[in-house]
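Structure record follows, encoded as structure tokens.
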Amino acid sequence: TIMSNKNNSSTLKNINAILEREGRALPESYNNFEFGSMNMTGMSAKHLVLNGSNLDGADLSNVDIEAAIFTGVSLRGANLSGANLKWVEFNDCDLEGANLTGTNIEEATLNKVSFDSCIVVDTNFEFSKFKDVQMRGVEAVNANFFHADFHECRLTGFISHKNTSLSSFKKCDFESAVFTRTSLEN
């Protein structure tokens, strides 16, 4: 299924309208769907459920996809700036190179997710649960990780330093996390 019953018809209408505007055929299912670099700026799709879809390079800036569930979804290079991802669940997803500037990812569940080389500026991860997450080459600037759980994460080349950021790691759980060439100052 693409989404829960709560917002099924309105979310489908939003996505279908974008596909029609771009002259694309409407699919029978959005599972394993190739969205490509589709422009979904400002769309509301709360409780969206996607499995195996490709959103590489998509413009998802300022979208409201609160409480969405993504499993096996690729968002490489996607623009999620200003998006509301509160309570979102990412399972086995790839966000390499995604722009997370000003994104709210509060109270999210992040399982087996790659955030390699993401732009993390003014990003809110407060109370999020990171499990088996990879964050290579990420420089967090003014990001909020207050009370985040980094259980079994791999932070390689992850930088948060006091000269360029005011990132908060207060009350975080780093049990079983692996740090390599990582700097968490301030």
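Checked for salt-bridge contact, E66 and K86 miss the test: no charged N lies under 4.0 Å from a carboxylate O.
What you find for F125 and A148 is that their closest heavy atoms are O-CB, 4.1 Å. Of all heavy-atom pairs spanning S117 and V138, the tightest one is N-CG2, 3.9 Å. Of all non-hydrogen atoms in C153 and K131, the two that sit nearest each other are SG-N, 4.3 Å. What you find for C118 and L95 is that their closest heavy atoms are SG-O, 2.9 Å.
For the 3.5 Å distance criterion, the side chains of S74 and D56 qualify, holding a donor opposite an acceptor.
I105 has its side chain out of reach of L80: every pair of non-hydrogen atoms, C-beta onward, lies at least 4.5 Å apart.
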Q.
Set out, in order, the CA-CA distance, both residues' side-chain angles and the distance that settles side-chain contact (heavy atoms from CB on, under 4.5 Å) for V120 and F115, then state yes or no.
A. CA-CA 9 Å; V120 178; F115 285 104; over 6 Å; no
Q: Please assess D59 against T41 for the test side chain to side chain donor-acceptor pair (under 3.5 Å), listing each intermediate value before the final yes or no.
A: CA-CA 6 Å; D59 187 352; T41 302; 3.1 Å; yes
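Distance check: N142 CG to T101 OG1 gives 11.0 Å after rounding to the nearest 0.5 Å. Summarising the geometry, atom CG belonging to N144 is positioned 10.0 Å from atom OG1 belonging to T123; distances are rounded to the nearest 0.5 Å. Between atom OG of residue S44 and atom CG of residue N62 there is a gap of 12.0 Å, rounded to the nearest 0.5 Å. The line from OG of S81 to CG of D122 is 11.5 Å long, rounded to the nearest 0.5 Å. Atom CG of N124 sits about 10.0 Å away from atom OG of S168, to the nearest 0.5 Å. Atom SG of residue C172 and atom CD of residue E126 lie 10.0 Å apart, to the nearest 0.5 angstrom.
Shown here are the side chain to side chain contact (heavy atoms under 4.5 Å, CB included) partners of R136, two or more places apart in sequence or in another chain: D116, Q134, T156. Looking at residues two or more places apart in sequence or on another chain, you find a side chain to side chain contact (heavy atoms under 4.5 Å, CB included) between F127 and E107, F146, H147. By the salt bridge (charged side-chain N to carboxylate O under 4.0 Å, His left out) test, D64 is found to be paired with K46, residues two or more places apart in sequence or in another chain being considered. In this structure F90 satisfies the ring pair (Phe, Tyr, Trp, His ring centres under 6.0 Å) test together with F70, sequence neighbours excluded. Applying the salt bridge (charged side-chain N to carboxylate O under 4.0 Å, His left out) rule to D149 yields no partners; only residues at least two apart in sequence or on another chain are considered. N91 pairs by the side chain to side chain contact (heavy atoms under 4.5 Å, CB included) definition with I69, T71, E89, N111, not counting sequence neighbours.
Note on V178: it does not cluster hydrophobically with F169, by side-chain heavy-atom contacts below 4.5 Å among ILVMFWY residues.
Relative orientation of the F150 and F145 rings is tilted, given thresholds of 30° and 60° on the angle between their planes.
The side-chain contact (heavy atoms from CB on, under 4.5 Å) test with V73 singles out one residue from V113, D92, L55, and that residue is L55. Looking at N104, L60, L110, I65 one by one, the single match for side-chain contact (heavy atoms from CB on, under 4.5 Å) with L85 turns out to be I65.
Under a 3.5 Å cut-off, the side chain of S128 and the backbone N or O of A108 do form a donor-acceptor pair.
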